[in-house]
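We name chains A, B, ... by the order of the sequence lines, and we start the count at 1 in each one. Bear in mind that the values here come from a model prediction, so they are computed numbers and not experimental data.
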Number of protein chains: 2
Amino acid sequence: MNDRIFVTAHDVARAAGVSQSAVSRAFTPGASISPDTRARILTAADQLGYRPNLLARSLINGRSNIVGVGVGNLANPFFVETMQLLSRALDDAGLRLLLFPADSGATAEPSIHEILHYRLDALVLLSVGLSSTLAEECRRAQVPVVLYNRTTLDDATSSVIGDNQIGARTIAAHLLAGRHQRIAYIAGTAGSSTNAQREAAFFAYLAQQGAPAPLREDGHYDIAAATAATRRLLTRPDRPDAIFCANDLMAIAAINVARHEYGLDVGREISIVGYDDVPMAAWPAFSLTSYSQPAEQMVAQTVRLIRILRDDPDAHQDVIVDGTLMLRGSSRSVANPSAYATTTNIATPRPD
Amino acid sequence: MNDRIFVTAHDVARAAGVSQSAVSRAFTPGASISPDTRARILTAADQLGYRPNLLARSLINGRSNIVGVGVGNLANPFFVETMQLLSRALDDAGLRLLLFPADSGATAEPSIHEILHYRLDALVLLSVGLSSTLAEECRRAQVPVVLYNRTTLDDATSSVIGDNQIGARTIAAHLLAGRHQRIAYIAGTAGSSTNAQREAAFFAYLAQQGAPAPLREDGHYDIAAATAATRRLLTRPDRPDAIFCANDLMAIAAINVARHEYGLDVGREISIVGYDDVPMAAWPAFSLTSYSQPAEQMVAQTVRLIRILRDDPDAHQDVIVDGTLMLRGSSRSVANPSAYATTTNIATPRPD
DNA sequence: CATCTTGTTGCATACATATGCAATACCAGG
DNA sequence: CCTGGTATTGCATATGTATGCAACAAGATG
């Protein structure tokens with residue numbers, strides 16, 4: 001077996017001729033210890049290769065400085081971007097990131113039950129639904145939960161989302177302004193709050209403006225499903241002239257199908273619009289019009305929430321972050337975009 | 001302040017009328033305890049909402065069941081795929097994944113110094129170089145290191161890589177078989193072992209076959225740098241008719257530039273070949289010929305190594321995994337691919 | 001010089017669990 | 001009934017660090 005022997009504070013204490021308490025204080029900023037004994041201890045520690053055991057420290061503090069992060073489908077570049085930013089932001093905040101897989105389905109994985117008992121400072125769920133039993137379990141384990149890109153009715157959990165209502169309305173207005181006649185919607189995962197909000201707002205706005213109800217297909221926030229959905233739409237005799245996909249991943253699948261399987265000139269013969277504004281959307285190969293979800297801000301808000309919840313687990317709140325409609329070549333251009341820009345930001349970025 | 005009160009084994013013991021030891025045993029598979037007292041304890045534990053504190057358990061075992069994973073640039077889909085598989089595989093193995101950012105530069109981040117002292121079962125570095133000081137530090141902390149997609153001369157660390165020599169040679173042979181006259185190479189990060197091996201093998205094979213030395217530009221495994229590098233190549237009077245990019249991310253950038261900025265018909269007027277065979281390479285928008293690195297196998301090997309190293313930290317080894325040349329539309333096709341397929345696998349997959 | 005203050009230090013204990021060892025109970029065989 | 005063995009259980013201690021408390025020293029103030 002592997003019996004590792006570690007250097008402990010006692011070893012350092014013996015080497016430096018002090019007590020173990022002194023060693024502890026030497027590594028605690030602001031502790032009551034004289035500068036020169038601290039220096040002596042740090043020297044000895046360095047020589048022995050000592051570092052405080054964070055597990056033992058957490059055991060005493062009752063706080064691990066670890067944040068659990070559950071992520072479902074990393075196929076979506078939006079979450080890759082988020083993970084990238086989140087890992088950096090947590091690191092800067094002195095927090096560790098414990099990653100665990102959470103099937104993209106409605107609820108999280110079994111392993112979360114174990115993870116909860118690491119005395120996590122917080123649990124972040126990236127686009128993963130929170131079942132009521134899990135919510136209850138987190139409450140019992142006294143682990144504050146932050147939903148990222150999801151909301152829930154559960155009152156005790158916090159959330160950070162983009163403004164799906166305004167986003168979907170803005171896209172609807174954009175498509176109407178482009179004089180599109182047959183609009184379609186490719187939906188995300190049924191039961192996800194993002195899809196529910198986007199779909200409801202999109203349909204409601206179109207109805208309110210007197211437009212006919214759009215076609216609708218399920219894309220499950222998945223490339224293969226969105227590819228199939230697009231094929232179904234484009235095979236119809238009354239082929240749509242505009243498709244709003246509930247996220248960019250599906251929109252890119254739709255572009256691929258429209259362009260390479262049906263030979264359509266995307267942006268002229270058919271408009272395709274996505275949601276998230278992932279980095280790939282700006283690539284000339286796609287030039288995808290999309291409503292942005294600002295990952296940096298959403299991550300910043302998430303970390304802010306975590307720091308608050310760490311000290312006061314009851315200070316839950318729901319944060320909504322503004323986005324911007326990024327107009328690019330995949331949707332028919334309009335003379336004066338600001339004409340319908342009454343509620344949100346609109347930008348026509350240069351290609352990278 | 002936030003003073004969380006947790007249910008401990010003592011509380012359960014009191015409730016169930018047994019000793020704390022019994023509670024511990026009730027949660028230890030195979031421990032010496034009668035079935036009915038175990039049942040009684042589990043009932044009481046469930047009622048109180050008790051779960052063993054993993055931090056305390058780790059403190060005793062001297063083993064945390066946590067694997068540290070350092071990742072640099074998640075912009076490369078190959079690492080996204082890897083992370084996806086790795087998080088799942090570690091979870092299945094009962095191991096936790098502590099993620100930390102490691103700047104894509106040659107060495108890892110400062111926070112790693114702290115992380116090392118979580119008594120990690122292992123440290124995995126995804127395409128991150130291992131500085132000799134860090135290697136030494138890991139040795140002192142008695143944390144076994146597994147390099148993923150990197151090698152090092154350090155004898156005490158393990159590694160899992162694809163076969164860069166064969167891959168680069170196969171690509172060189174493929175381009176020569178396609179009668180390409182002016183071949184170029186866009187290099188990855190200088191100093192990375194992947195680039196070093198691919199570049200050396202590519203250049204060596206071409207020279208050995210009597211072909212002129214290829215043009216060479218730096219792409220740093222980065223989209224922006226590769227975009228600029230491609231522009232430099234395509235602006236030359238003696239524009240190359242084939243480019244081998246040291247990974248797919250750069251190859252896709254090269255395709256974007258060639259097609260959208262220079263109006264070239266990729267696959268006919270110019271061949272572009274990548275490395276990694278990321279999922280995106282199969283998209284019709286790119287249809288990128290690429291040498292695969294089988295992430296599933298590489299991850300499986302990584303987890304296998306971790307399990308071995310957990311019990312015997314000295315059992316380090318270097319694993320090389322076979323790949324396959326995936327022939328797609330971005331490179332000029334050849335009548336008989338197997339003519340030059342003397343050393344490796346070659347496939348002509350259908351588009352997804 | 002006595003007293004008080006301030007700054008350091010060590011002692012003892014707590015955090016939550018795992019486990020070697022001894023004690024106990026129980027059952028079968030003689 | 002006694003003995004030996006087995007199965008269960010509790011006691012005591014260990015893991016490595018943080019911290020309240022008391023002790024102590026040194027300097028300041030009267």
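For A/Arg25 and C/dG10, a side-chain-to-base donor-acceptor distance below 3.5 Å is present, hydrogens and geometry of angles not being considered. Not a single donor-acceptor contact under 3.5 angstrom links the side-chain atoms of A/Arg51 to the base of D/dG16. A donor and an acceptor atom never sit less than 3.5 Å apart when one is taken from the side chain of B/Gln20 and the other from the base of C/dA16.
Panel note: side chain A/Arg51, backbone B/Leu116; no donor-acceptor pair is recorded below 3.5 Å. In this structure a side-chain-to-backbone donor-acceptor pair under 3.5 Å is missing from A/His10 to A/Gln20.
The separation between B/Leu59 atom CG and C/dA16 atom P is 12 Å, rounded to whole Å. When the P atom of D/dT15 is taken as reference, atom OH of B/Tyr118 falls 21 Å away, rounded to whole Å. In this structure, A/Asp36 places its CG atom 13 Å from P of D/dA26, rounding to the nearest Å. When the P atom of D/dA18 is taken as reference, atom CZ of A/Phe27 falls 9 Å away, rounded to whole Å. Note: CD1 (A/Ile60) to P (D/dG20) measures 11 Å, nearest angstrom. Separating the CG atom of B/Asn61 from the P atom of C/dT19 is a distance of 6 Å, rounded to the nearest angstrom. When rounded to the nearest whole Å, the span between CD1 of B/Ile33 and P of C/dG20 equals 16 Å. Going from atom NE2 of A/His10 over to atom P of D/dA14 covers 11 Å, rounded to whole Å.
Taking side-chain N and O atoms only, A/Ser19 has a distance below 4.0 Å to OP1 or OP2 of C/dG10. A/Thr37 has a side-chain polar atom (N or O) that falls below the 4.0 Å cut-off from OP1 or OP2 of C/dT9. Between B/Tyr50 and C/dT17 there is a side-chain polar atom (N or O) within less than 4.0 angstrom of OP1 or OP2. For D/dG16, the OP1/OP2 oxygens have no side-chain nitrogen or oxygen of A/Thr8 closer than 4.0 Å. In this model, the phosphate group of C/dA18 is approached by a side-chain N or O of B/Arg57 to a distance below 4.0 Å at OP1 or OP2.
The side chain of A/Ser21 lies closest to C/dG10, out of D/dG10, C/dA16, C/dG10. Of the candidates C/dT17, C/dT9, C/dT8, C/dT8 carries the atom nearest the A/Pro35 side chain, counting heavy atoms from C-beta on. For B/Ser32, counting side-chain heavy atoms from C-beta on, the closest listed nucleotide (C/dT8, D/dT9, D/dT17) is D/dT9.
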Next item on the list: Give the intermediate values and the outcome of ring pair (Phe, Tyr, Trp, His ring centres under 6.0 Å) for residues A/Phe79 and A/Tyr221.
Entry: CA-CA 12 Å; A/Phe79 300 121; A/Tyr221 288 144; 8.5 Å; no
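What you find for B/Arg119 and A/Asn53 is that their closest heavy atoms are CZ-ND2, 3.3 Å.
Take the nearest nucleotide of DNA chain D for B/Ala56 and for B/Arg38: the residue whose nucleotide is more 5' is B/Arg38. When each of A/Pro52 and B/Ser34 is assigned the nucleotide of DNA chain D bearing its nearest heavy atom, the one mapping closer to the 5' terminus is B/Ser34.
A salt bridge does not link B/Glu137 to B/Arg140: none of the charged side-chain nitrogens sits closer than 4.0 Å to a carboxylate oxygen.
How far CZ of A/Phe78 is from CG of A/Asn73: 13.0 Å, rounded to the nearest 0.5 Å.
Across all strands shown, B/Val18 has heavy atoms under 4.0 Å from sugar-phosphate atoms exclusively, and none from any base.
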